[in-house]
Amino acid sequence: MCGRTSCHLPRDVLARACAYRDRQGRERLPEWKDPDKYCPSYNTSPQSNSPVLLSRLHFEKGADPSERIIAPMRWGLVPSWFKEDDPSKLQFNTTNCRSDTIMEKRSFKVPLGKGRRCVVLADGFYEWQRRQGTSQKQPYFIYFPQAKTEESGSTDVAESSEHWRKVWDNWRLLTMAGIFDCWEPPEGGDLLYSYTIITVDSCKSLNDIHPRIPAILDGEEEVSKWLDFGEVSTQEALKLIHPTENITFHAVSSVVNDSGNNTPECVTPISLLVKKEPKASRSSQKMMQWLATKSPKKEDPKTPQKTESDVPQWSNQFLQKSPLPTKRGATGLLERWLKQEEPMAKRPHNE
């Protein structure tokens, strides 16, 4: 099962993360198709657009099949033979496609037979584990293990926010096997490209969280074979569909439960999140945080210094290049409060 993903990287960064070599051995970046339809998001749900990787040959006859395109597509496959005028009228769920029944269902068998194989791109995906004895579920963010950085020497999720910022700069995208199709409205109109994610039995490390996971293509060779529908037959390509143990995960905040929440907090390890007072308002939390970390030291009123908080400030450090705006009103409120209160805080205590 896969019902929520994250893909927050800007277009240019995403393309660089998909660098590959064509049949002549030249290093290439995939070109974008309909780039304006891509909206970076930490919390992507079905029916919205997500980026997928596929062969250029699907769009241009006679093109080099090894050349790749990134195209935003609707998550939830709409079969080409669907006769209604509105995709939302589809009566069955095509968000995921089980690997064990893929050749039994027309919705997936037909496009797969046409070579319509794609690779779904994401930072990672989310899954929920039911807590024993309760109705509550703990969300997890699941992704490829990342390369060690020179400075940290590790990718332990419990490390500092600075470590995580460096990791994001060189993030290895999760590459999931998918099938896409192209639907044309009966009365005419724009073509709709949509996809489904193939799922398999869960690997051992994730089995306690959920019994099924996406079919993950681990490495350039597997990605290349899955995309090369001209040279690699359907039967050969399906041999790539199996669980992988090369995966890691960490617990995240329940803020991800609401698909409308689209912030770095969705993917941040719980251990790195700022703990909030349950009864304090948002503006009060900002004020208390500023008082605790930025006000002058009492023992030396003549030379006040601002101290760095030991708690990571994920709202502005998690991803410096994030295109997402801060929460409305929070920054402006804090700035206004600082202008009013900071001069008072800097007065010597003996006045």
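Please read all numbers here as calculations on a predicted model, not as lab measurements. For the single chain, residues carry numbers from 1 onward in sequence order. Side chains are part of it too, since the values below use all heavy atoms of this structure and drop only hydrogens, waters and symmetry mates.
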Within one Ile-Leu-Val-Met-Phe-Trp-Tyr cluster: Val110 and Ile102, side-chain cutoff 4.5 Å:
no
Can you name the closest pair of heavy atoms from Asn96 and Cys2 and give their distance?
OD1-N, 2.7 Å
Atom pair CD1/SG of Ile198 and Cys97 - distance to nearest 0.5 Å:
5.5 Å
For Ser99 and Val200, indicate whether the former's side chain and the latter's backbone hold a donor-acceptor pair under 3.5 Å.
no
Here the gap from Thr44 atom OG1 to Asn262 atom CG, rounded to the nearest 0.5 Å, amounts to 7.5 Å
Nearest heavy-atom contact between Trp81 and Ser107 is CZ2-OG, 3.4 Å
Would you mind reporting whether Ser254 and Gln138 have side-chain heavy atoms less than 4.5 Å apart?
no
With Asp85 via side chain to side chain donor-acceptor pair (under 3.5 Å) - residues at least two apart
Lys89
Which pair of non-hydrogen atoms, one from Leu112 and one from Thr234, has the smallest distance, and what is that distance?
O-OG1, 3.6 Å
Can you pull the salt bridge (charged side-chain N to carboxylate O under 4.0 Å, His left out) pairs that have at least one residue in residues 179-194, sequence neighbours excluded?
Arg116-Asp181
Short side-chain to backbone donor-acceptor contact, Asn207 and Ser202, under 3.5 Å
no
Sort and list the pairs that fulfil salt bridge (charged side-chain N to carboxylate O under 4.0 Å, His left out) and have at least one residue in residues 201-211, not counting sequence neighbours.
Asp201-Arg212
Is Glu220 salt-bridged to Arg172, cutoff N-O under 4.0 Å?
no
Contacts of Tyr140 meeting ring pair (Phe, Tyr, Trp, His ring centres under 6.0 Å) (sequence neighbours excluded), chain-then-number -> Phe249
How long is the span from the CZ atom in Arg117 to the CD1 atom in Ile179, to the nearest 0.5 Å?
9.5 Å
d(Asn170 CG, Gln146 CD) to nearest 0.5 Å is 9.0 Å
How about Ser6 and Val256: do any of their side-chain heavy atoms sit closer than 4.5 Å?
no
Determine the interplanar angle of the Phe82 and Trp183 rings, folded into 0 to 90°, and report it as parallel if under 30°, tilted if 30 to 60°, perpendicular if over 60°.
tilted
Can Leu191 be reached from Met73 by stepping across I, L, V, M, F, W or Y side chains whose heavy atoms are under 4.5 Å apart?
yes
Check: Asp22 side chain, Arg26 main-chain N or O, donor-acceptor pair, under 3.5 Å:
yes
Going only through I, L, V, M, F, W and Y residues with side-chain contacts under 4.5 Å, is there a path from Leu206 to Ile241?
yes
Taking the inter-plane angle between the rings of Phe229 and His58 on a 0 to 90° scale, is it parallel (under 30°), tilted (30 to 60°) or perpendicular (over 60°)?
parallel
Sequence neighbours left out, what passes ring pair (Phe, Tyr, Trp, His ring centres under 6.0 Å) with Trp32? Give chain and number order.
Tyr38
Does any N or O in the side chain of Tyr20 come within less than 3.5 Å of the main-chain N or O of Arg68, such that one atom is a donor and the other an acceptor?
yes
Chi angles and distances behind the side chain to side chain donor-acceptor pair (under 3.5 Å) call for Thr94, Tyr195:
CA-CA 8 Å; Thr94 56; Tyr195 72 90; over 6 Å; no
Tell me which pairs pass salt bridge (charged side-chain N to carboxylate O under 4.0 Å, His left out) where either residue lies in residues 236-246, with sequence neighbours left out.
Glu236-Lys239
Can you tell whether the side chains of Arg28 and Glu67 come within less than 4.0 Å, N to carboxylate O?
yes
Rounded distance (nearest 0.5 Å) linking atom CD1 of Ile270 with atom CD of Glu265:
9.5 Å
Sub-4.5 Å side-chain heavy-atom contact between Leu14 and Cys7:
yes
Taking atom types as modelled and ignoring hydrogens, do the side chains of Ser41 and Asn43 form a donor-acceptor contact shorter than 3.5 angstrom?
no
I want to know whether Phe141 and Tyr42 have ring centres closer than 6.0 Å.
no
Arg16 side chain near Leu29 side chain, heavy-atom distance below 4.5 Å
yes
With side chain to side chain contact (heavy atoms under 4.5 Å, CB included) as the test, would you mind laying out the steps for Ile247 and Ile142 before giving the verdict?
CA-CA 7 Å; Ile247 203 75; Ile142 304 167; 3.5 Å; yes
Partner of Gln136 under side-chain hydrogen bond (donor to acceptor under 3.5 Å, both in side chains), picked from Gln129, Arg130, Arg131, is Arg131
So is Arg4 actually on top of Tyr126's ring, under 6.0 Å and inside 45° of the axis?
no
Check Cys182 against Ser80 and note the closest heavy-atom contact, atom names and distance.
O-CB, 3.2 Å
CD of Glu104 to NZ of Lys109: how many Å apart, nearest 0.5 Å?
9.0 Å
Run Met176 and Leu174 through side chain to side chain contact (heavy atoms under 4.5 Å, CB included) and show every step you take.
CA-CA 6 Å; Met176 300 173 284; Leu174 195 66; 4.1 Å; yes
Evaluate the side-chain proximity of Asn257 to Trp128: yes if any heavy-atom separation is below 4.5 Å, no if none is.
yes
Determine whether Leu57 and Val232 fall in the same hydrophobic cluster, where Ile, Leu, Val, Met, Phe, Trp and Tyr are linked whenever their side-chain heavy atoms lie under 4.5 Å apart.
no
Please tell me if the side chains of Ser55 and Pro65 come closer than 4.5 Å, counting only heavy atoms from C-beta onward.
yes
So do Lys33 and Arg56 actually touch side chain to side chain, heavy atoms under 4.5 Å?
no
Do Asn246 and Thr244 have side-chain N/O donor and acceptor atoms under 3.5 Å apart?
no
Path from Val120 to Val13 over hydrophobic side-chain contacts below 4.5 Å
yes
Would you say the side chain of Leu227 lies within less than 4.5 Å of the side chain of Val119, judging by non-hydrogen atoms?
yes
Is the Trp171-Tyr143 ring centre distance short of 6.0 angstrom?
yes
Could you check Gln91 against Glu84 for side chain to side chain contact (heavy atoms under 4.5 Å, CB included), going step by step and ending with a plain yes or no?
CA-CA 11 Å; Gln91 296 297 309; Glu84 296 287 348; over 6 Å; no
Under the side chain to side chain contact (heavy atoms under 4.5 Å, CB included) criterion, do Cys18 and Ile70 qualify, and how do the steps go?
CA-CA 9 Å; Cys18 295; Ile70 300 181; 4.2 Å; yes
